[in-house]
Amino acid sequence: MNIKAIVVIPAKSHSNRLPNKNITKINGKSLIEHSIDYAKSSKYVKKIYVSSDAEHIEKIAYQNNVKYIKRPENLLGEAEVADIYVDFTKKIDCLQYDYLIGLQPDHPDRENNLDKLLEYALNKKYMDLFTVNKDGSRNGSVRIVELKYLLEGKMSRRVGSVMDNCTNIETPETLLKARQKLE
């Protein structure tokens, strides 16, 4: 398959529920680095960006040989993550890529192979594929959006979901759960 994907990892510096969440380490790696490694595991991913507002997160990106993009203030706090992806496409030339992949860092124990998810999205002709919890609610682990529709501002009509029994780190208890799962 000839798939070209670009990844954006939205990693704000401030978290209301769990301070310094995105730089918290599990098995010697920050949550951001777990997402970077997951993105690097794909043969289809051509570029990886970390989107943030903080210099210490910028350093993590560069130390891991990925690009960094400064996030505007209006997309900090509790901004809708989809708005971060749209903003990203306005700042980065995405025309040569087929898919934008969003990887929220607070899911370090993803269970799906990224290449298989991309192939599944392509085979099913999904414009938007996202991961869900066992109850069917979106979890932010992986979101794959066909770029041509995002760039045209069109609403996704072919949407699919895949279960990912990952941990959504929001509290010290869920952080401990993810640590135990990964160690």
Side-chain angles (χ1 to χ4, degrees), residues 3 5-69 71 76-79 81-82 84-85 88 99-121 129-145 160-183:
I3 300 171
I6 188 168
V7 169
V8 62
I9 300 168
K12 63 185 178 183
S13 63
H14 178 70
S15 174
N16 291 331
R17 294 173 287 209
L18 189 62
N20 299 314
K21 175 174 65 174
N22 290 326
I23 60 170
T24 298
K25 293 192 176 196
I26 296 178
N27 289 346
K29 293 182 182 185
S30 68
L31 297 183
I32 296 166
E33 290 171 299
H34 282 279
S35 290
I36 291 169
D37 288 349
Y38 183 73
K40 286 180 176 181
S41 74
S42 172
K43 64 185 173 192
Y44 301 124
V45 170
K46 306 305 178 197
K47 267 195 185 160
I48 302 167
Y49 283 84
V50 173
S51 167
S52 185
D53 59 322
E55 287 182 20
H56 62 282
I57 293 176
E58 180 179 10
K59 286 179 187 174
I60 291 170
Y62 291 137
Q63 288 168 350
N64 285 273
N65 299 311
V66 299
K67 306 253 183 225
Y68 174 83
I69 186 165
R71 189 177 321 165
L76 298 174
E78 296 303 315
V81 73
I84 295 165
Y85 301 150
F88 176 80
Y99 291 96
L100 171 79
I101 302 168
L103 302 175
Q104 290 179 236
D106 49 0
H107 301 84
D109 55 350
R110 294 172 178 92
E111 294 185 345
N112 291 298
N113 177 286
L114 185 52
D115 284 346
K116 288 185 190 228
L117 288 175
L118 279 160
E119 291 165 2
Y120 179 72
L129 177 70
F130 52 84
T131 53
V132 296
N133 296 317
K134 287 182 179 180
D135 67 0
S137 61
R138 279 194 297 181
N139 63 23
S141 169
V142 179
R143 183 158 190 186
I144 299 171
V145 181
S161 64
V162 174
M163 208 225 355
D164 190 346
N165 191 29
C166 60
T167 307
N168 184 4
I169 298 175
E170 297 176 320
T171 64
E173 294 78 24
T174 53
L175 175 61
L176 179 61
K177 181 181 174 185
R179 267 200 179 109
Q180 290 170 338
K181 192 174 174 184
L182 287 171
E183 289 177 347

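Side-chain atoms are counted along with the backbone in the values below, which use heavy atoms only and exclude waters and symmetry mates.
Side-chain N or O atoms of Tyr68 include one that pairs as donor or acceptor with a backbone N or O of Ser52 at under 3.5 Å. A donor-acceptor pair under 3.5 Å is absent between the side-chain atoms of Arg179 and the main chain of Asn27, judged by distance alone. With hydrogens and angles ignored, the 3.5 Å screen pairs no side-chain donor or acceptor of Thr131 with any backbone N or O of Asn139. Under a 3.5 Å cut-off, the side chain of Ser42 and the backbone N or O of Ala39 do not form any donor-acceptor pair.
With a 6.0 Å radius and a threshold of 12 heavy atoms from other residues, nucleotides or ligands, Lys181 has its NZ atom above the threshold. In the displayed structure, Glu170 atom CD is contacted under 6.0 Å by more than 12 heavy atoms of other residues, nucleotides or ligands.
The line from CD1 of Ile32 to CD of Gln63 is 10.5 Å long, rounded to the nearest 0.5 Å. Distance CG/Leu31 to CD1/Ile9: 11.0 Å, rounded to 0.5 Å. A distance of 13.0 Å separates OG1 of Thr167 from CD of Glu173, quoted to the nearest 0.5 Å. How far NZ of Lys67 is from CD of Glu58: 12.5 Å, rounded to the nearest 0.5 Å. One finds the CG atom of Asp115 at 7.5 Å from the CD1 atom of Ile3 (value rounded to the nearest 0.5 Å). Annotation: the span from Ser30 atom OG to Asn20 atom CG amounts to 11.5 Å, rounded to 0.5 Å.
Pro10 has its side chain within reach of Gln104: a pair of non-hydrogen atoms, C-beta onward, lies under 4.5 Å apart. Taking 4.5 Å as the limit, some side-chain heavy atom of Tyr38 sits within range of a side-chain heavy atom of Asn112. In this structure, Ile23 and Ile57 have side chains that are in contact, with non-hydrogen atoms separated by less than 4.5 Å. For the pair Phe88 and Ile6, the minimum side-chain heavy-atom distance is below 4.5 Å.
Considering Asp37, Thr24, Asn64 in turn, Asp37 is the only one that fulfils the side-chain hydrogen bond (donor to acceptor under 3.5 Å, both in side chains) rule with Lys29.
Summarising the geometry of Ala121 relative to Leu129, their closest heavy-atom pair is CB-CD2, 3.9 Å, with the distance given to 0.1 Å. Shortest non-hydrogen contact noted between Val8 and Leu100 is CG1-CD1, 3.9 Å.
Of the N and O atoms on the side chains of Ser35 and Arg110, at least one donor lies less than 3.5 Å from an acceptor on the other residue. A side-chain donor from one of Asp135 and Ser137 sits under 3.5 Å from a side-chain acceptor of the other.
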Pair Val45-Lys40, side chain to side chain contact (heavy atoms under 4.5 Å, CB included): steps then yes or no: CA-CA 7 Å; Val45 170; Lys40 286 180 176 181; over 6 Å; no

Steps toward side chain to side chain contact (heavy atoms under 4.5 Å, CB included) verdict (Ile26, Leu175): CA-CA 9 Å; Ile26 296 178; Leu175 175 61; 3.9 Å; yes

Verdict with supporting geometry, Val50 and Ile60, side chain to side chain contact (heavy atoms under 4.5 Å, CB included): CA-CA 9 Å; Val50 173; Ile60 291 170; over 6 Å; no

CA sep, side-chain torsions, deciding dist, call: Val145, Tyr85, side chain to side chain contact (heavy atoms under 4.5 Å, CB included): CA-CA 9 Å; Val145 181; Tyr85 301 150; 5.5 Å; no

